[in-house]
Amino acid sequence: MKKLGFGMMRLPLRDSKDQTAIDYEQVCQMVDTFLEQGFTYVDTAYMYHDYASEGMVKRALVERHPRDSFLLATKLPTMMLKTKEDQARIFKEQLEKCGVEYFDYYLLHCLNQENYANSEKLGSFDFVLQKKKEGKIKKVGFSFHDTAELLDEILTKHPEMEFVQIQLNYLDWESSSVQSRLCYEVCVKHNKPVIVMEPVKGGTLAKVPAEAEKLMKEYHPDASVASWAVRFAASQKNVFMVLSGMSDLQQLRDNTSYMRDFEPLNEEEQKIIEAVKEQIHSFITVPCTGCKYCVEGCPKKIPIPQYFSLYNAHRQLRENDTTKEDYRKLENCGRANECIACRQCEEHCPQHLTIVDYLKEVSSVFDES
């Protein structure tokens with residue numbers, strides 16, 4: 001199996017303001033190109049694209065290609081479960097939305113301290129194992145967003161889990177909050193294969209500071225900046241799949257070009273990565289990946305990831321800074337200064353960001369100028 005997976009989380013849109021307005025024709029092109037290049041792993045989830053991603057998988061992939069030509073993964077939204085009955089209802093809905101009779105990989109989605117406790121309370125581990133016995137799931141695992149200590153606890157109690165999906169990229173490798181390396185090492189300790197999410201950190205590692213990009217281009221003139229990040233993740237020995245949330249055909253073609261015949265990073269490339277990390281850390285202000293988990297349920301409808309992106313751009317730009325104008329143009333949404341500090345967004349943030357505090361910084365730039 002080739003190591004690149006197609007993440008259906010950041011698909012191309014016909015309307016940038018509507019996450020359900022997915023560009024069907026372009027997604028079909030992307031799916032076809034992906035499979036033609038010999039790649040097979042496709043990843044979606046219940047709430048991706050405001051609950052439209054799984055339906056797009058059915059239309060663009062399942063209805064147009066033989067079932068044995070791809071591997072399909074989706075996830076049980078542990079953060080949304082209220083009763084045991086929710087699990088069976090959602091699973092049935094997912095099979096119907098995706099148009100399949102089984103899932104090749106099925107994950108308990110976004111386990112952290114709170115969601116893990118909820119999963120234990122509702123018997124979610126037993127639920128997915130039962131579905132595996134029924135032939136509805138081929139392999140069971142979970143995606144994880146918390147400390148290495150909690151991950152060790154989960155894998156010790158649940159050795160039946162067959163794989164783990166973690167956030168892993170060179171910027172978060174030594175992060176005290178994300179703990180990429182520590183979580184990876186726990187997976188190795190428990191002999192669990194690893195799927196990588198956010199290898200490019202929500203696009204952050206696809207556009208790096210000029211000096212950092214120069215280091216990369218001097219060594220590999222034709223290689224994209226993003227390729228360094230994806231290859232870093234894929235170079236870890238226990239990693240068997242790296243997911244990329246590809247948002248257009250150009251990105252997909254770039255990713256498949258260097259992952260088709262994948263070569264791990266060599267020693268010199270690793271040294272360049274270390275130098276690039278130092279450059280990036282000096283520029284990034286808010287390490288947001290744009291996953292949008294924080295947005296749903298915001299009482300003030302604040303588009304948090306968009307504001308953080310504008311704020312980071314503002315901090316980096318010197319000339320031609322249009323970020324304040326772009327901020328004012330955003331309509332039908334709450335402003336940063338309208339945050340009521342309920343902090344429910346922080347409970348859902350995989351990066352463990354102090355979102356409320358960052359919004360105050362955003363407001364100081366964009367609302368008071």
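As the structure is a prediction and not an experimental result, all values here were calculated from the model. Quick note: numbers below take in every heavy atom, side chains included, and nothing from hydrogens, waters or symmetry partners.
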>> Which heavy atom of Val178 sits nearest to which heavy atom of Cys183, and what is that distance?
In response: O-SG, 4.1 Å
> According to a 4.5 Å side-chain heavy-atom criterion applied to Ile, Leu, Val, Met, Phe, Trp and Tyr, with indirect links allowed, do Leu76 and Met197 form part of one hydrophobic cluster?
Replying inline: no
> Can you tell which of Glu346, Lys201, His145 makes a side-chain hydrogen bond (donor to acceptor under 3.5 Å, both in side chains) with Gln351?
Replying inline: Lys201
> Do Tyr116 and Val140 share a hydrophobic cluster (ILVMFWY, side-chain heavy atoms under 4.5 Å, transitive)?
Replying inline: yes
>> Assess, by modelled atom type and distance only, whether the side chains of Asp32 and His65 contain a donor and an acceptor separated by less than 3.5 Å.
In response: yes
> Can you tell me how far CG of Leu122 sits from OG of Ser119, rounded to the nearest 0.5 angstrom?
Replying inline: 7.0 Å
> How many angstroms lie between atom CG of Leu95 and atom OG1 of Thr74, to the nearest 0.5 angstrom?
Replying inline: 9.5 Å
>> With a 4.5 Å cut-off on side-chain heavy atoms, are Lys271 and Glu267 touching?
In response: yes
> Linking I/L/V/M/F/W/Y whenever their side-chain heavy atoms sit closer than 4.5 Å, directly or via other members, would Leu61 and Leu252 fall into one cluster?
Replying inline: yes
>> So, taking the atom named CZ in Arg181 and the one named CD in Glu185, what distance separates them when rounded to the nearest 0.5 Å?
In response: 4.5 Å
>> Test of understanding: clusters of I, L, V, M, F, W, Y form through side-chain heavy atoms closer than 4.5 Å, transitively. Do Ile90 and Met8 belong to the same one?
In response: yes
>> Would you compute the distance between atom CD1 of Ile22 and atom CZ of Arg14 and round it to the nearest 0.5 angstrom?
In response: 8.5 Å
> Looking only at heavy atoms, what is the nearest atom pair of Glu198 and Gly202, with distance?
Replying inline: OE1-N, 2.9 Å
> Are more than 12 heavy atoms from other residues, nucleotides or ligands located less than 6.0 Å from atom CD of Glu174?
Replying inline: yes
> Which atoms form the tightest heavy-atom contact between Val208 and Ile280, and what is the distance?
Replying inline: CG1-CD1, 3.6 Å
> In terms of hydrophobic clusters joined by side-chain contacts under 4.5 Å, are Val200 and Val276 together?
Replying inline: yes
> Take atom CD in Gln344; do more than 12 heavy atoms of anything else shown fall under 6.0 Å from it?
Replying inline: yes
>> Under a 3.5 Å distance rule, please check whether Arg335 uses its side chain to pair with a backbone N or O of Phe366 as donor and acceptor.
In response: no
> Just wondering, more than 12 heavy atoms not from Lys360 lying within 6.0 Å of its NZ?
Replying inline: no
> What about Tyr51 and Tyr46, are their ring centers closer than 6.0 Å?
Replying inline: yes
>> Once rounded to the nearest 0.5 Å, what's the spacing between atom OH of Tyr311 and atom SG of Cys288?
In response: 13.5 Å
>> Less than 4.5 Å apart, side chain to side chain, heavy atoms only: is that true for Gln19 and Leu13?
In response: yes
> Among Phe70, Phe163, Phe142, whose ring-ring contact (aromatic ring centres under 6.0 Å, His included) with Tyr105 holds?
Replying inline: Phe163
>> Is there a salt bridge (charged side-chain N to carboxylate O under 4.0 Å, His left out) between Lys132 and Glu160? Walk through the geometry before answering.
In response: CA-CA 11 Å; Lys132 181 180 179 181; Glu160 71 276 9; over 6 Å; no
> In terms of heavy-atom contacts, does NZ of Lys92 have more than 12 from other residues, nucleotides or ligands at under 6.0 Å?
Replying inline: no
> Do Glu274 and Trp173 come close enough that some side-chain heavy atom pair is under 4.5 Å?
Replying inline: no
> Just by distance, do the side chain of Asn169 and the backbone of Asp172 share a donor-acceptor pair under 3.5 Å?
Replying inline: yes
> Nearest heavy-atom pair of Thr40 and Met1: which atoms, and what distance?
Replying inline: OG1-CG, 3.8 Å
> Counting only heavy atoms not in Glu63, do more than 12 sit closer than 6.0 Å to its CD atom?
Replying inline: yes
>> Does Asp15 have more than 12 heavy atoms from other residues, nucleotides or ligands lying within 6.0 Å of its CG?
In response: yes
>> If only side-chain N and O atoms count, and only distance matters, is there a donor-acceptor pair under 3.5 Å linking Gln236 with Tyr184?
In response: no
> Is Lys84 positioned over the aromatic face of Phe127, cation under 6.0 angstrom from the ring centre and no more than 45 degrees off axis?
Replying inline: no
> Between the side chains of Gln179 and His352, does any donor sit under 3.5 Å from an acceptor?
Replying inline: no
>> Between Arg328 and Glu325, is the salt bridge (charged side-chain N to carboxylate O under 4.0 Å, His left out) condition met? List the steps.
In response: CA-CA 5 Å; Arg328 296 188 188 100; Glu325 182 180 348; over 6 Å; no
>> Around atom CD of Glu296, are there more than 12 heavy atoms from other residues, nucleotides or ligands closer than 6.0 Å?
In response: no
>> Whether the side chain of Lys300 engages the backbone of Ile340 through a donor-acceptor N/O pair (distance < 3.5 Å, no angle test) should be reported.
In response: no
> Taking all non-hydrogen atoms of both residues, which atom of Ala233 and which atom of Val239 are closest, and how far apart?
Replying inline: O-CG2, 3.6 Å
>> Under a 3.5 Å distance rule, please check whether Arg231 uses its side chain to pair with a backbone N or O of Glu263 as donor and acceptor.
In response: yes
>> For the backbone of Glu149 and the side chain of Asp152, can you confirm whether one donor and one acceptor N or O come within less than 3.5 Å of each other?
In response: no
> Between Leu243, Val194, Leu108, Leu111, which is the residue that forms a side chain to side chain contact (heavy atoms under 4.5 Å, CB included) with Gln165?
Replying inline: Leu243
>> Looking at every non-hydrogen atom in both residues, tell me the closest pair between Glu269 and Tyr219 and how far apart they are.
In response: CG-CE2, 3.5 Å
> Within 45° of the six-membered ring axis of Tyr24 and under 6.0 Å from that ring's centre, is NZ or CZ of Arg59 located there?
Replying inline: yes
> Are any non-hydrogen side-chain atoms of Val128 and Lys131 less than 4.5 angstrom apart?
Replying inline: no
>> If you count heavy atoms of other groups shown closer than 6.0 angstrom to CD of Gln270, is the number above 12?
In response: yes
>> Would Asp126 and Lys133 count as a salt bridge (charged side-chain N to carboxylate O under 4.0 Å, His left out) here? Give the steps.
In response: CA-CA 11 Å; Asp126 291 337; Lys133 289 181 182 178; over 6 Å; no
>> In terms of relative ring orientation, are Tyr307 and Tyr327 parallel, tilted or perpendicular, with 30° and 60° separating the classes?
In response: tilted
> Under 3.5 Å, is there a donor-acceptor pair linking the side chains of Glu134 and Gln130?
Replying inline: yes
> Is a side-chain donor-acceptor pair under 3.5 Å present for Tyr106 with Gln94?
Replying inline: yes
> Would the Phe103 and Phe91 ring centres measure less than 6.0 Å apart?
Replying inline: yes
> Counting distance only, does the side-chain N/O of Lys192 pair as donor-acceptor with the main-chain N or O of Cys187 below 3.5 Å?
Replying inline: no
>> Keeping Asp104 on the side-chain end and Leu72 on the backbone end, is there a donor-acceptor pair under 3.5 Å?
In response: yes
>> Rounded to the nearest 0.5 Å, what separates atom CG in Asn255 from atom OG in Ser244?
In response: 4.0 Å
> Passes salt bridge (charged side-chain N to carboxylate O under 4.0 Å, His left out), Lys58 versus Glu54? Steps please.
Replying inline: CA-CA 7 Å; Lys58 178 181 180 180; Glu54 290 177 329; over 6 Å; no
